[in-house]
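Scope of the values below: all heavy atoms of this structure, side chains included, with no hydrogens, waters or symmetry mates.
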Amino acid sequence: MMNIREIILDILLELNKQGEYANILISAVLDKYDHLDGREKAFLKRVSEGTIERRIQIDHILDQFSKVPVTKMKPLIRELLRMSVYQIMFMEQIPDAAVCNEAVKLAKKRKFQSLQGYVNGVLRAVIRGKDKIVYPDREKDICAYLSVSYSMPDWLVEHLTGAYGAAQCEQILQSFLVRKPVCIRMRELMPAEEREHLLDLWRQAGVVVHKHPYLSYAVEVERLDGIKNLEGYAQGMFAVQDVSSMLVVEAAGIRPGDTVIDVCAAPGGKALHAADKLAGTGQVTACDVTENKINKIEENRERMQIGNLVAKIQDARIKDDSLCGTADVLLVDVPCSGLGVIGKKQDIKYRVTRQTLQEITKLQREIVKNVVQYLKPEGIMMYSTCTMNPQENEEMVKWICQECDMETVSMGKDLPEELREAERGGCLQMLPGIHKTDGFFIAKLRRRRGAV
């Protein structure tokens with residue numbers, strides 16, 4: 001019989017190597033064990049993601065009940081205790097005794113018989129004392145309290161508090177810990193009756209469907225058994241895309257016949273959306289740096305039967321003479337620190353550093369300085385990131401205006417009414433917990449006439 005907890009343990013040990021991101025690794029494991037039933041898959045995903053997400057809080061708890069500090073534990077025992085404490089603290093439907101017993105058995109199976117008693121003792125101490133855990137004093141040290149309570153590295157708490165204040169920082173951190181539904185973009189050209197019929201079929205299959213308040217064609221879905229199993233997927237009737245990403249294209253003001261270039265396009269959400277906006281006219285050129293990324297765009301292009309999109313391998317830092325001066329609209333979703341999607345990619349917060357935040361802006365500037373050449377005079381550039389770092393966002397826009405002969409443009413009525421007040425000078429910073437999106441930044445800029 002397959003031991004689901006052992007699979008989870010191996011996922012956590014693999015992540016210690018700092019190779020693949022957690023969401024990609026977990027997805028690959030779920031594909032490998034596709035024969036598991038829905039409940040087993042859900043348990044594997046929940047415990048894996050939850051243990052990663054709550055690591056700082058879990059380690060704080062373990063250090064109160066273990067004589068051996070977490071940092072001194074053997075890697076396998078450390079991950080075994082972490083995943084067990086997650087189940088004890090955050091999964092009420094699982095009996096504490098069962099969690100403890102399974103952990104002891106797994107320690108033995110993985111040749112740690114000598115530490116079975118230690119594992120048993122620590123977990124039983126956590127079970128007895130879980131209502132008496134001491135956390136940092138909120139009044140004395142708000143950053144330490146937020147760091148432990150929401151499992152966020154203390155330097156990142158300080159960074160977000162400095163940018164948005166303690167109250168908004170806490171709202172953001174709370175939002176990260178709430179599981180989000182999958183967001184879907186329905187094809188805009190699909191007749192309303194056909195769209196409603198498709199949503200009804202999903203509901204009949206047990207899928208929970210919510211229409212997103214920001215865009216009429218955005219839908220959130222929950223309790224589904226794999227996106228590819230949804231009716232209409234194979235026929236290209238929808239695409240997985242966060243509403244914040246949809247807003248980039250929505251606010252761009254794309255018109256029939258436009259030439260659109262997406263310079264960091266994979267997996268292709270915005271490029272495909274732009275092609276739909278063109279309704280079979282004009283052309284979208286979707287570029288990215290590797291064949292693997294281009295293949296992902298091509299897969300979705302073929303599935304959605306889009307004829308006005310071309311995908312090509314092109315490093316956004318290197319000038320492509322054939323693209324110069326051709327774009328009415330340029331989509332520039334630059335590589336970024338990813339702070340806005342920590343709720344979906346839990347291990348980002350452990351990988352990013354202060355140095356990372358500084359280094360990433362150099363790459364962003366290099367990309368923008370190059371691709372701005374692709375714009376026609378008065379062409380529109382949509383600059384976007386999935387982060388909440390002012391250095392990568394508002395300060396980058398100031399730099400673009402100064403160094404690249406660009407000016408900001410109001411997004412005005414192209415934004416949902418709920419977001420218009422949040423726009424500042426052609427820039428929109430969306431915050432999880434405050435807005436109904438990921439943490440995402442959008443700026444709309446125009447190339448000045450006569451710019452070289």
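Formation of a donor-acceptor pair under 3.5 Å by the Arg303 side chain with backbone atoms of Met237 is not found in this model. Checking side-chain atoms of Thr353 against main-chain N and O of Thr356 turns up a donor-acceptor pair under 3.5 Å. Remark: side-chain polar atoms of Asn120 are not paired, donor with acceptor, to backbone N or O of Gln116 under 3.5 angstrom. Remark: the backbone N or O of Ala266 is paired with a side-chain donor or acceptor of Asp288 at under 3.5 angstrom. Of the possible polar contacts, one joining the Arg187 side chain to the Met304 backbone as a donor-acceptor pair under 3.5 Å is found. Although no hydrogens or angles enter the test, the distance criterion places a donor-acceptor pair under 3.5 Å between the side chain of Gln373 and the main chain of Asn370. Formation of a donor-acceptor pair under 3.5 Å by the Lys130 side chain with backbone atoms of Val85 is not found in this model. Between the Asp438 side chain and the Val341 main chain, no donor and acceptor come within less than 3.5 Å of each other.
Applying the side chain to side chain donor-acceptor pair (under 3.5 Å) test to every pair with at least one member in residues 6-17, sequence neighbours left out, gives these pairs: Glu6-Lys109, Glu6-Arg110, Asp10-Arg110, Glu14-Lys17, Asn16-Glu79. Sorted by first then second residue, the side chain to side chain donor-acceptor pair (under 3.5 Å) pairs that include residues 136-145, not counting sequence neighbours, are Arg138-Glu170. Evaluation of the ring-ring contact (aromatic ring centres under 6.0 Å, His included) test over residues 204-234, restricted to residues two or more places apart or in two chains, returns His212-Tyr214, Tyr217-His273, Tyr233-Phe238.
Here the CZ-CD1 distance, from Arg301 to Ile294, works out to 11.5 Å after rounding to the nearest 0.5 Å. With rounding to the nearest 0.5 angstrom, the CG atom of Leu247 is 9.0 Å from the CE atom of Met382. Between atom OG1 of residue Thr161 and atom CE of residue Met152 there is a gap of 10.5 Å, rounded to the nearest 0.5 Å. Between the CD atom in Glu407 and the CG atom in Leu445 there is a gap of 9.0 Å [rounded to 0.5 Å]. Put simply, OG on Ser410 and CD on Glu423 are 4.0 Å apart, with the number rounded to the nearest 0.5 Å. Between the OH atom in Tyr86 and the CZ atom in Arg55 there is a gap of 14.0 Å [rounded to 0.5 Å].
Tyr118 and Ile77 make their closest contact through CE2-CG2, 3.9 Å (heavy atoms, listed as atom of the first residue, atom of the second, distance). Contact record, Thr51 with Ile58: O-CD1, 4.0 Å, taken as the closest heavy-atom pair. Closest of all the heavy-atom pairs between Ser151 and Tyr350 is O-OH, 4.1 Å. For Ala271 against Asp262, the heavy-atom pair with the smallest separation is N-OD2, 3.5 Å. Looking at every heavy atom in both residues, Trp202 comes nearest to Glu231 through NE1-O, 2.9 Å. Taking all atoms of both residues into account, the shortest heavy-atom contact from Lys270 to Ser384 is CE-OG, 4.3 Å.
Inter-residue side-chain proximity for Tyr150 and Glu53 is flagged as unmet; no heavy-atom pair is nearer than 4.5 Å. Residues Ser147 and Pro153 have side chains not in contact (no heavy-atom distance under 4.5 Å, counting atoms from C-beta outward). Residues Leu199 and Lys211 are in side-chain contact: their nearest non-hydrogen atoms beyond the backbone lie under 4.5 Å apart. The shortest side-chain heavy-atom distance between Asp320 and Gln314 falls under the 4.5 Å cut-off. The shortest distance between side-chain heavy atoms of Tyr383 and Leu331 does not fall below 4.5 Å. In this structure, the side chains of Cys183 and Gln241 stay at 4.5 Å or more apart for every pair of heavy atoms. The shortest distance between side-chain heavy atoms of Arg420 and Met411 does not fall below 4.5 Å. A 4.5 Å side-chain heavy-atom check between Leu44 and Ile11 finds at least one atom pair inside the cut-off.
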Discussion item. Set out, in order, the CA-CA distance, both residues' side-chain angles and the distance that settles side-chain contact (heavy atoms from CB on, under 4.5 Å) for Leu375 and Met381, then state yes or no.
Written reply: CA-CA 8 Å; Leu375 280 169; Met381 179 169 81; 4.0 Å; yes
Item to complete: Report the C-alpha separation of Leu339 and Val352 in whole Å, then their side-chain angles, then the decisive distance to 0.1 Å, and conclude whether the side-chain contact (heavy atoms from CB on, under 4.5 Å) test is met.
Response: CA-CA 9 Å; Leu339 302 184; Val352 71; 4.0 Å; yes
Item to complete: Could you walk me through whether Arg39 and Asp37 pass salt bridge (Lys or Arg N to Asp or Glu O under 4.0 Å), step by step?
Response: CA-CA 6 Å; Arg39 289 181 64 185; Asp37 66 34; over 6 Å; no
Worksheet item: Can Glu49 and Ile26 be said to form a side-chain contact (heavy atoms from CB on, under 4.5 Å), step by step?
Response: CA-CA 8 Å; Glu49 291 180 347; Ile26 293 168; 3.7 Å; yes
Worksheet item: Can Gln87 and Arg5 be said to form a side chain to side chain donor-acceptor pair (under 3.5 Å), step by step?
Response: CA-CA 11 Å; Gln87 294 167 70; Arg5 286 180 171 86; 2.9 Å; yes
Practice prompt. Please test Leu15 against Glu20 for side-chain contact (heavy atoms from CB on, under 4.5 Å), starting from the C-alpha separation and ending with a verdict.
Written response: CA-CA 7 Å; Leu15 285 172; Glu20 199 61 87; 5.8 Å; no
Item to complete: Take Asp242 and Ser244 through the side chain to side chain donor-acceptor pair (under 3.5 Å) test and state the conclusion after the steps.
Response: CA-CA 5 Å; Asp242 191 78; Ser244 52; 2.5 Å; yes
Practice prompt. Apply the test salt bridge (Lys or Arg N to Asp or Glu O under 4.0 Å) to residues Lys105 and Glu102: give CA-CA distance (whole Å), side-chain angles for both, the deciding distance (0.1 Å), then the verdict.
Written response: CA-CA 5 Å; Lys105 282 193 265 183; Glu102 290 298 323; 3.2 Å; yes
Discussion item. Test salt bridge (Lys or Arg N to Asp or Glu O under 4.0 Å) on Arg124 and Asp96; report intermediate values, then the result.
Written reply: CA-CA 9 Å; Arg124 292 201 178 279; Asp96 292 341; over 6 Å; no
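In this model, a donor atom of one side chain and an acceptor atom of the other lie less than 3.5 Å apart for Asn393 and Thr385. Counted by atom type alone, Asn389 and Ser337 present zero donor-acceptor pairs between their side chains at under 3.5 Å.
Enclosure of atom NZ in Lys312 by more than 12 non-hydrogen atoms of other residues, nucleotides or ligands within 6.0 angstrom is indicated. More than 12 heavy-atom neighbours from other residues, nucleotides or ligands sit within 6.0 angstrom of CZ on Arg203. Counting non-hydrogen atoms of other residues, nucleotides and ligands closer than 6.0 Å to NZ of Lys345 gives a total of 12 or fewer. In Lys41, the NZ atom is crowded: over 12 heavy atoms of neighbouring residues, nucleotides or ligands sit closer than 6.0 Å. Within a 6.0 Å sphere centred on NZ of Lys296, other residues, nucleotides and ligands contribute 12 heavy atoms or fewer.
Every residue two or more places apart in sequence or in another chain that forms a ring-ring contact (aromatic ring centres under 6.0 Å, His included) with Tyr135 is listed here: His60. Taking the salt bridge (charged side-chain N to carboxylate O under 4.0 Å, His left out) definition, one finds that Lys74 meets it with nothing, sequence neighbours left out. When the side chain to side chain donor-acceptor pair (under 3.5 Å) test is applied to Lys349, no partner is found at least two apart in sequence or on another chain.
Note that Arg351 lies in the cation-pi zone of Tyr21, set by a 6.0 Å cut-off to the ring centre and a 45° limit from the axis.
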